[in-house]
**Student:** 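Got a structure for you, written out below as structure tokens; questions coming shortly.
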Protein chains: 2
Amino acid sequence: MKKHRDLISILKAKNLRLTPARRGLIQYILDHKDKQLSLLEITRFLETTVDGVNRSSVYRNLELLKKLDIIQELNLPKKGKRFQYIFDKEVHHFYICKTCGKASRGNKVLFGRIEKALKDVHEFSKANLSMVFYGYCERCKR
Amino acid sequence: MKKHRDLISILKAKNLRLTPARRGLIQYILDHKDKQLSLLEITRFLETTVDGVNRSSVYRNLELLKKLDIIQELNLPKKGKRFQYIFDKEVHHFYICKTCGKASRGNKVLFGRIEKALKDVHEFSKANLSMVFYGYCERCKR
DNA sequence: CACACTATTGCAACAAGTTGCAAATGCACC
DNA sequence: GGTGCATTTGCAACTTGTTGCAATAGTGTG
């Protein structure tokens, strides 16, 4: 799997080690790229496969993947903390409903358009930019 | 104070009661409109003034103010959860540094421009829209 | 200003998240 | 394949956040 190898080499380049816990976490996230994963889902998977990963390790590794811009944490109303794969050169931005917590990904065209709108924000680097919009979805619209 | 009365009438309209804890919280937030307040700051203030507000009440009231679009919760890297006043007809969007957690508010012109860029996102209501951009600040830029 | 009605609070038990430290282990080098 | 060493883990104690429920107290009405 190509992406998998990409990630491995990122870890290596930073002297980060590929432990069973990390391997499992990365695999699970890669297998659910389009989902916003809850901690419960992640923990359950790691329990049943790597069997016995302590929760502090799970938290620490999620933190690590965030720092590496591999995942992004989203705080979804009603649904709590979620983790979303964002490691690709593709764009990503999210529309989140303040009422029900539904999250949907934006598309490339819109991303480009918004990025352009931000061109005058000079003191802010748009490298690995990610954007979150909070409004109301069709169902919850008022 | 004008804004204060605005908020009070919003509460009234929803059958929400003005308890000491709520009054204190609202006052504190109004007095620090341009800060991202930490829970510690809020709690400390409420302890020393209203003396003895249970933490569950603090959490519940913050949740309430979020639902009313009076404050917004921001998750700042390194700094944790913060609460930011957003209740005015003025626009608000934030630039957050993924490394150090520095948050800065955007301005009206940019907001308008970005909002326009979002015009084709039809299934998403931009009422009380708020936007968060994650990138890197000048200091942390790489 | 007392009453009734319902929203809100405090409490206590629990769940989720954090941290320092000693033990374990991945990995580069031989 | 063994060795050394820095990274990572598990553990345990702790802090932070959540929830159900009974007691408390705002608020509108007369």
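In what follows, every chain begins at residue 1, and chains take the letters A, B, ... in the order their sequences are listed.
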**Student:** Output yes when Arg105(B) and Asp34(B) qualify as a salt bridge under the 4.0 Å nitrogen-oxygen rule, no when they do not.
**Tutor:** yes
**Student:** Using a cut-off of strictly less than 4.0 Å between a heavy atom of the residue and any atom of DNA chain D, enumerate the qualifying residues of residues 17-29 of chain A by number.
**Tutor:** Arg17(A), Thr19(A), Ala21(A), Arg22(A)
**Student:** Judged by each residue's nearest nucleotide on DNA chain D, which is more toward the 5′ side, Ser56(B) or Leu40(B)?
**Tutor:**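 Looking at DNA chain D, the more 5' nearest nucleotide goes with Leu40(B).
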**Student:** Under 4.0 Å between a side-chain nitrogen and a carboxylate oxygen: does that hold for Lys98(B) and Asp69(A)?
**Tutor:**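 The answer is yes: the pair qualifies as a salt bridge.
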**Student:** Pick the closest DNA chain D nucleotide for Asn61(A) and for Arg55(A) by heavy atoms, then say which residue is nearer the 5' end.
**Tutor:** Asn61(A)
**Student:** Can you tell me the distance, in whole Å, between the CZ atom of Arg60(A) and the P atom of dG20(C)?
**Tutor:**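 Checked: the CZ to P distance equals 10 Å.
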**Student:** Which one of Tyr85(A), Phe45(A), Phe83(A) satisfies the ring pair (Phe, Tyr, Trp, His ring centres under 6.0 Å) criterion with Tyr28(A)?
**Tutor:** Phe45(A)
**Student:** Quick one: sort the Phe133(B) and His93(B) rings into parallel, tilted or perpendicular, breaks at 30° and 60°.
**Tutor:**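 The arrangement is perpendicular - the two ring planes meet at more than 60°.
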**Student:** Is there a side-chain contact between Ser57(A) and the phosphate of dT8(D), meaning an N or O under 4.0 Å from OP1 or OP2?
**Tutor:**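 So the side chain of Ser57(A) is outside the cut-off, no N or O lying under 4.0 Å from OP1 or OP2 of dT8(D).
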**Student:** Are the side chain of Ser57(A) and the backbone of Val53(A) linked by a donor-acceptor contact shorter than 3.5 Å?
**Tutor:** no
**Student:** Quick one: bend of the helix from dC1(C)-dG30(D) to dC30(C)-dG1(D) from 5 pairs per end, to 10°?
**Tutor:**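 Helix axis angle between the two ends: 40°.
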**Student:** Looking at Arg82(A) and Glu73(A), does any basic side-chain N land under 4.0 Å from a carboxylate oxygen?
**Tutor:** no
**Student:** Please determine whether a side-chain nitrogen of the Lys or Arg among Lys126(B) and Glu115(B) lies less than 4.0 Å from a carboxylate oxygen of the Asp or Glu.
**Tutor:**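 Salt bridge flag = no for Glu115(B) with Lys126(B).
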**Student:** If you only use heavy atoms from C-beta on, which nucleotide in dG10(C), dT16(D), dG10(D) is closest to the side chain of Tyr59(B)?
**Tutor:**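 Nucleotide nearest to Tyr59(B)'s side chain: dT16(D).
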